[in-house]
Peer 1: 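Here it is: the structure, laid out below.
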Amino acid sequence: MTDILKPDAQQITGVRETAGFPSVRMRRLRRTPTLRSLVRETRLVPTDFIQPFFVTEGSGIRVPISSMPGVSQLSIDELLKETRDSASLGIPAIILFGIPDQKDEVGSGAYARDGIVQRAVRAIKDAAPDLLVITDVCLCEYTSHGHCGIVEDGEVLNDASLELIARAALSHAEAGADIVAPSDMMDGRVAAIRSALDTGGKSATPVLSYAAKYASSFYGPFREAAESAPQFGDRRAYQMDAANAREALREVQLDVDEGADMVMVKPALAFLDVLWRVKEKSPVPVGAYNVSGEYAMVKAAAERGWIDGQAIMMEILHSIKRAGADFILTYHAREAARILAWK
Ligand code: PBG
């Protein structure tokens, strides 16, 4: 049998490790819950989580998302109740997605001073100043065509979209967002946002870049939640090809060079290898987005009694942290935080 571990052991102890079964018994440290806990390599804590929310116009509004049990579109007053609950569970941060009343060709609602996200940020920061508010910066929820940039002749224009994306980021920061998180995947958007923030008096606002964001079918339920499905075509001309891993390192490098303070890999589960590689190389903190489709699969199978939903949820969250995530964006945040609080 080839042996990859023994040379290391030899270096550490100076003694060639020859022992095996029956003197070595791995099961010794698995005997009781306390022993297992003592030697556990990865520990989840509520401060690992960032909770996503969908905010919509009106008051007293809660619209459940059918493909995401437990998740609803919320008006600002309802959102405030939920964010208070998240904060009391020890969850340090939320990320906001806006659903505007009106959409147009250029996504005006994304950078309107009184846009839905801008108002929600102000309300949350008033009610719970210590809760970190991250805003997703993108145009797709605000454009009539549902793409993440400006469209001309059926094509999503890169450079022309940058100014609008940067404007959206600055307006979020002006409303009080603690962190802005661009998810559009236009080239050069981190630099454009950084410069808009710096010249707009927001040099202290960090950028969390969705650096390695794949064109993924795992976003299906999100598009129901955020009403942001593209009206023609798909996002493959700007989001990454799911078959590529080395390319993710280039994306991360470019975003860090452009000034990203943190980067993200998205989705998480089908891309844990990418997460691991990015974590090994990244000089900045690395997040992972446990996306809507990953959540929906767990909920659907659990509803049918085919899996133990809570146990699978914890196993998945551990796997994401074990693969290198410094923080995890997840719709499971509160459910998991509650379980961790009981322990
Ligand atoms: C917006 C955006 C998307 C998600 C986060 N920001 C959807 C998309 O790119 O189509 C997906 C999140 C999820 O599925 O939970 N661009």
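Remember, it's 1-based here, ligands and their atoms both numbered in the order they're listed.
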Peer 1: Below 4.0 Å from any atom of ligand 1, is there a heavy atom belonging to Tyr289?
Peer 2: yes
Peer 1: Identify, by atom number and element, the atoms of ligand 1 in contact range of Lys266, meaning under 4.0 Å from any of its heavy atoms.
Peer 2: 2 (C), 3 (C), 4 (C), 5 (C), 6 (N), 11 (C), 12 (C)
Peer 1: What residues, two or more places apart in sequence or in another chain, satisfy salt bridge (charged side-chain N to carboxylate O under 4.0 Å, His left out) together with Lys281?
Peer 2: none
Peer 1: For Gln118 and Ala112, indicate whether the former's side chain and the latter's backbone hold a donor-acceptor pair under 3.5 Å.
Peer 2: yes
Peer 1: Show which atoms of ligand 1 fall inside a sub-4.0 Å distance from at least one heavy-atom site of Lys213.
Peer 2: 1 (C), 2 (C), 3 (C), 6 (N), 8 (C), 9 (O), 16 (N)
Peer 1: Which bit of Cys138 gets closer than 4.0 Å to ligand 1, counting heavy atoms only: side chain, backbone, both or neither?
Peer 2: side chain
Peer 1: In residues 287-295, what donor-acceptor pairs under 3.5 Å come from side-chain atoms, sequence neighbours left out?
Peer 2:
unit_1 : atom_1 : unit_2 : atom_2 : d
Tyr289 : OH     : Tyr331 : OH     : 2.8
Asn290 : OD1    : Thr330 : OG1    : 2.8
Asn290 : ND2    : Glu294 : OE1    : 2.7
Ser292 : OG     : Phe218 : O      : 3.2
Ser292 : OG     : Phe222 : N      : 3.0
Glu294 : OE1    : Leu269 : N      : 3.3
Glu294 : OE2    : Ala268 : N      : 3.0
Glu294 : OE2    : Val291 : N      : 3.3
Tyr295 : OH     : Pro69  : O      : 2.4

Peer 1: With a 4.0 Å cut-off, would you call Arg43 and Asp48 a salt bridge?
Peer 2: no
Peer 1: Does Glu294 have a heavy atom less than 4.0 Å from any atom of ligand 1?
Peer 2: no
Peer 1: Give the residue and atom name of whichever protein heavy atom lies nearest to atom 14 (O) of ligand 1, and the separation in Å to one decimal.
Peer 2: Ser292 OG, 2.7 Å
Peer 1: For the 3.5 Å polar cut-off, considering only N or O atoms, please tell me whether Arg223 and ligand 1 meet it.
Peer 2: yes
Peer 1: Identify, by atom number and element, the atoms of ligand 1 in contact range of Ser183, meaning under 4.0 Å from any of its heavy atoms.
Peer 2: 1 (C), 2 (C), 6 (N), 16 (N)
Peer 1: Ligand 1 versus Tyr331, non-hydrogen atoms closer than 4.0 Å: side chain, backbone, both, neither?
Peer 2: side chain
Peer 1: Between Cys140 and ligand 1, find which residue part has any heavy-atom pair under 4.0 Å and reply side chain, backbone, both or neither.
Peer 2: side chain
Peer 1: Tell me whether Gln239 has any N or O atom under 3.5 angstrom from an N or O of ligand 1.
Peer 2: yes
Peer 1: Which residue holds the protein heavy atom closest to atom 12 (C) of ligand 1, what is that atom called, and what is the gap in Å?
Peer 2: Phe222 CD1, 3.3 Å
Peer 1: For Ala311, is there any backbone N or O sitting under 3.5 Å from a side-chain donor or acceptor partner on Asp308?
Peer 2: yes
Peer 1: Do Glu224 and Ser66 pair up side chain to side chain, a donor and an acceptor below 3.5 Å, judged on atom types alone?
Peer 2: yes
Peer 1: Check whether Leu80 and Val117 end up in the same hydrophobic cluster, where Ile, Leu, Val, Met, Phe, Trp and Tyr are linked by side-chain heavy atoms less than 4.5 Å apart.
Peer 2: yes
Peer 1: Do side-chain atoms of Tyr238 reach the backbone of Asn158 as a donor and acceptor pair under 3.5 angstrom?
Peer 2: no
Peer 1: For ligand 1, does Asp184 get within less than 4.0 Å through its side chain, its backbone, both, or neither, judged by non-hydrogen atoms?
Peer 2: neither
Peer 1: Does either side chain, that of Ser183 or that of Asp136, offer a donor lying less than 3.5 Å from an acceptor on the other one?
Peer 2: yes
